2 protein chains.
Amino acid sequence: MAAMATLQLESLGPFRALSDEGRKLLRQGLVLKDCAPPAPILHKGQSISGAYFVVRGRLRVYALAPDGTEATMYFIDPGETCVFALNSLFNDLRYPAWVQAEEDTTVALIPGPLFRRLFEREPSIQDVTVRALSTLVFRLMQELEEVHAYKLDQRLANLLLLHANADGELRMTQQQIAQHLGTTREVVGRLMGELVSAGAVETGRGRTLIRDAAALAGLISGA
Amino acid sequence: MAAMATLQLESLGPFRALSDEGRKLLRQGLVLKDCAPPAPILHKGQSISGAYFVVRGRLRVYALAPDGTEATMYFIDPGETCVFALNSLFNDLRYPAWVQAEEDTTVALIPGPLFRRLFEREPSIQDVTVRALSTLVFRLMQELEEVHAYKLDQRLANLLLLHANADGELRMTQQQIAQHLGTTREVVGRLMGELVSAGAVETGRGRTLIRDAAALAGLISGA
DNA sequence: CGGCGAGTGTAGCTTTTGTTACATACCTGC
DNA sequence: GCAGGTATGTAACAAAAGCTACACTCGCCG
């Protein structure tokens, strides 16, 4: 099983460049984990045992307010790593958020000591680590700026434009959208209503269709 | 001048562990820059020429909303590095925020190519890089969570408890506090007023004195 | 076909935050 | 001590977002 996991990992970018020795170490220490949607994989305050790489599926990282409302911070797609875990690993900190599988997901867990050893020796691991951290810093920064600079309707418009597929369709329920934005369904519903009467979108059960992308873009910069 | 800068840098943590070769490279490429308070050092969208380390003084990194309100993201104290710059350096991105000196500040600039070369060869540089990124991720994450989970009065109470000195005194104007929290002076004034009438703090020109830390703490968790 | 649950639409009300507009206090240099 | 800039106090109003409550629609499954 560990061998298979290694093979799968090696097909993902950075691990292709591993030295033979690194590959051998990886093969010995790797743990493969299958995760099903509803249950949290990591919870806040947990101490971290290693570096997580998503092989298949998708993870969602989110914050949880005391009153129970969630706010998605980012997703982890195949080939990416959970940076908070990396972070906790290098700083010996507790994990600062929750993680949940969005769909059936396979995760490769590289135990902490092994990952540190790989990091010291393998330039490709150094590279992927710094790049991952770096990218996350950028994303978080943008998110933070967005939260303080834009109103909810603008953030909603932004989410629609960013996450809709090529046909301008977004397959998410209003509840899910609300969780992303850190607000409630009713508020999303209300704002959607405004967008509908402005002719910018059409709504349906579990889907939103963009009718007038320019109007949305205008809302973001204009209002 | 470059030699002096190297000396100063070497007195700061990670650079003490440099190899002789690394030290030599550093001595050749280092640029020292003095910065005075009001003018921005980096502005949003600027492309980054190297890694910035603060030798003396203090830098403030902040976001700027379209309407001109600021929100401090974090400070860079001596021995620390500007992680956004590191970030932009490794990902070839534009700098995503503004930076300003808070007081007279000396900055050591290690040009990009040199820093990359050092990163490849020097474990201590790898370490300081990952640690800096890592710490920032953690801070940003906390900040993001705080923004969405707490109300302004709670965030204000938190700021007071975190940033006050040992005597419970915080030397900041309400205007500065407002900038930190991404709001306006009037709102800070109003909330301060509530804290004063609750007997939790005393206010004076450019300073706030905590009278009842427990009340502040209770506000954060309780309300 | 009828009931159930998930998803949505709508309305009114409350709380929180932002805005506007002044008044007042404090400090520094002249 | 007085002028002018800087910092704070206050009050009323406006806007944004959250909360509560309920009606409705659609699709699915028995």
Side-chain angles (χ1 to χ4, degrees), chain A residues 37-38 64-71 146-160 169-209 219-220 222-223, chain B residues 37-38 64-71 146-160 169-209 219-220 222-223:
Chain A
L64 203 49
D67 65 357
T69 55
E70 303 180 354
E146 187 185 303
V147 167
H148 125 263
Y150 297 105
K151 286 185 287 194
L152 260 184
D153 56 350
Q154 296 176 302
R155 299 211 288 136
L156 174 60
N158 193 36
L159 182 144
L160 290 175
E169 192 189 43
L170 177 69
R171 301 201 77 81
M172 286 174 79
T173 68
Q174 295 187 352
Q175 177 63 49
Q176 291 175 312
I177 294 174
Q179 283 179 356
H180 272 269
L181 300 176
T183 181
T184 57
R185 186 195 63 77
E186 293 84 341
V187 175
V188 171
R190 178 163 58 206
L191 297 174
M192 278 293 192
E194 289 169 21
L195 293 179
V196 168
S197 37
V201 303
E202 279 173 31
T203 59
R205 196 183 174 75
R207 61 187 279 283
T208 303
L209 184 66
L219 180 62
I220 295 174
Chain B
L64 202 50
D67 65 359
T69 57
E70 303 181 354
E146 187 186 301
V147 168
H148 125 264
Y150 297 105
K151 286 185 289 190
L152 261 184
D153 56 350
Q154 296 175 302
R155 299 212 285 137
L156 174 60
N158 194 37
L159 182 144
L160 291 176
E169 191 188 45
L170 178 68
R171 302 201 78 80
M172 285 173 78
T173 68
Q174 295 186 353
Q175 177 63 48
Q176 291 174 313
I177 295 175
Q179 283 179 356
H180 272 269
L181 299 176
T183 181
T184 58
R185 184 194 65 76
E186 293 83 343
V187 174
V188 171
R190 179 163 59 208
L191 297 173
M192 278 294 191
E194 289 169 22
L195 292 179
V196 168
S197 38
V201 303
E202 279 173 31
T203 59
R205 193 183 175 78
R207 62 186 278 283
T208 303
L209 183 66
L219 180 63
I220 295 173

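Labels below follow one simple rule: chain letters A, B, ... track the order of the sequence lines, proteins then strands, and each chain is numbered from 1. Not measured: the values here are computed from a predicted model.
- Side-chain contact between B:Thr173 and B:Arg185 is absent, with no heavy atoms from C-beta onward closer than 4.5 Å.
- At whole-Å resolution of the value, CD in B:Gln175 and P in D:dT6 are 12 Å apart.
- Counting heavy atoms from C-beta outward, A:Leu159 and A:Glu146 have side chains that stay 4.5 Å or more apart.
- A:Leu152 has its side chain out of reach of A:Leu156: every pair of non-hydrogen atoms, C-beta onward, lies at least 4.5 Å apart.
- A close approach under 4.0 Å does occur between a side-chain nitrogen or oxygen of A:Gln174 and OP1 or OP2 of C:dG9.
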Run the side-chain contact (heavy atoms from CB on, under 4.5 Å) test on B:Ile177 and B:Leu170 for me, step by step, so that the C-alpha distance in whole Å, both residues' side-chain angles and the decisive distance to 0.1 Å come before the verdict. CA-CA 10 Å; B:Ile177 295 175; B:Leu170 178 68; 4.1 Å; yes
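- Using a 4.5 Å heavy-atom cutoff, the side chains of B:Leu195 and B:Leu160 are in contact.
- If you take NE2 of A:His148 and C1' of C:dT16, they are 17 Å apart, rounded to a whole angstrom.
- If you check residues 198-208 of chain A against DNA chain C, the residues with a heavy atom closer than 4.0 Å are A:Thr203, A:Gly204, A:Arg205, A:Gly206, listed by number.
- We find that CD of B:Gln154 is positioned 16 Å from P of C:dT15, with the value rounded to whole Å.
- To the nearest 0.5 Å, the span separating CZ on B:Arg171 from CG on B:Leu209 amounts to 10.0 Å.
- Minimum atom distance to the side chain of A:Lys151 is reached by D:dA17, of the listed D:dA7, D:dA17, C:dG18.
- A:Val147 has its side chain within reach of A:Arg155: a pair of non-hydrogen atoms, C-beta onward, lies under 4.5 Å apart.
- For DNA chain D, the neighbouring residues in residues 182-194 of chain A, judged by any heavy atom under 4.0 Å, are A:Thr183, A:Thr184, A:Glu186, A:Val187, A:Arg190.
- A:Gln154 places a side-chain N or O within 3.5 Å of a backbone atom of A:Leu219 that can act as its donor or acceptor partner.
- Going from atom CD1 of A:Ile177 over to atom P of C:dG7 covers 12 Å, rounded to whole Å.
- Nucleotide C:dG18 holds its C1' atom 14 Å from the CZ atom of B:Arg155, rounded to whole Å.
- Residue A:Leu170 contributes atom CG, which lies 11 Å from atom P of C:dT8 at whole-angstrom precision.
- Residue A:Leu181 contributes atom CG, which lies 15 Å from atom C1' of D:dA16 at whole-angstrom precision.
- Closest to the side chain of B:Thr173, from the set D:dT8, D:dG18, C:dG7, is D:dT8.
- For B:His148, the ring pair (Phe, Tyr, Trp, His ring centres under 6.0 Å) test picks out no residue, with sequence neighbours left out.
- Atom OH of A:Tyr150 is separated from atom C1' of C:dG18 by 18 Å (rounded to the nearest Å).
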